Amino acid sequence: RWLYGNQLCSLYAFCGVLFGICSLSTLTLLSTVCCLKICFPAYGNRLRRKQGAILIACAWTYAALFACSPLAHWGEYGEEPYGTACCVDWFSSNGDAVAMSYTVVLFVFCFLLPCGVIVTSYSLILVTVTESSRAVAKH
């Protein structure tokens, strides 16, 4: 069971959500930058260190927005079903419309959207590489 009280439970869950969403956001940005560099070099070659720093700051801000939401009472943090760790309280959305809206927004913007961008980016890279290899084979 969770031994450290509600405040540490919220802190533990906050860190898990913050670092998890930031990780997925960073991977999403990385796939997008790779796609730009490979598929659209006219745009991709314009990216510099300053833009990279801005993108990383955006990933952290994006993650912080969703991680801070339960602390502002949009959604909730609580113990996991087995009670050994803490995370987003998924079961609170069963009876609370506000918690349900947080869960839906979290699913769409922190799972579906990033995964869709990653799949699209790497699919475009695969198509570009395949077309390039075909063009080289013709010569």
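Only a predicted model underlies this, so the values are computations on that prediction, with no experimental measurement involved.
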So [Y] and [X], do their side chains get closer than 4.5 Å, heavy atoms only?
{"X": "Leu8", "Y": "Leu3", "result": "no"}
{"X": "Ser25", "Y": "Trp60", "result": "no"}
{"X": "Leu11", "Y": "Tyr77", "result": "no"}

Any idea which heavy atoms bring [X] and [Y] closest together, and the distance?
{"X": "Ala63", "Y": "Cys22", "value": "CB-N, 3.5 Å"}
{"X": "Leu124", "Y": "Cys39", "value": "O-SG, 3.4 Å"}
{"X": "Val17", "Y": "Ala67", "value": "CG1-CA, 3.8 Å"}
{"X": "Cys9", "Y": "Gly78", "value": "SG-C, 3.8 Å"}
{"X": "Ile21", "Y": "Phe66", "value": "CD1-CB, 3.6 Å"}
{"X": "Ser31", "Y": "Tyr122", "value": "CB-CE1, 3.4 Å"}

Say you draw a straight line from [atom1] of [X] to [atom2] of [Y]; how long is it, rounded to the nearest 0.5 Å?
{"X": "Asp96", "Y": "Thr103", "atom1": "CG", "atom2": "OG1", "answer": "9.0 Å"}
{"X": "Ser132", "Y": "Ile38", "atom1": "OG", "atom2": "CD1", "answer": "9.5 Å"}
{"X": "Ser10", "Y": "Glu76", "atom1": "OG", "atom2": "CD", "answer": "9.5 Å"}
{"X": "Cys86", "Y": "Glu79", "atom1": "SG", "atom2": "CD", "answer": "5.5 Å"}
{"X": "Ile56", "Y": "Leu29", "atom1": "CD1", "atom2": "CG", "answer": "8.5 Å"}
{"X": "Ile118", "Y": "Leu24", "atom1": "CD1", "atom2": "CG", "answer": "5.0 Å"}

Are [Y] and [X] linked, directly or through intermediate hydrophobic residues, by side-chain heavy-atom contacts shorter than 4.5 Å (ILVMFWY only)?
{"X": "Tyr12", "Y": "Leu106", "result": "no"}
{"X": "Leu36", "Y": "Val127", "result": "no"}
{"X": "Leu55", "Y": "Leu18", "result": "no"}
{"X": "Leu27", "Y": "Leu65", "result": "no"}
{"X": "Val88", "Y": "Phe19", "result": "yes"}

### Query
Does the side chain to side chain contact (heavy atoms under 4.5 Å, CB included) test come out yes or no for Cys115 and Phe111, once each step is laid out?
CA-CA 6 Å; Cys115 289; Phe111 180 71; 3.8 Å; yes

### Query
Does a side chain donor of either Trp2 or Thr84 reach within less than 3.5 Å of an acceptor in the other side chain?
no

### Query
Okay, side chain of Gln51, backbone of Arg48: is any donor-acceptor separation there less than 3.5 Å?
yes

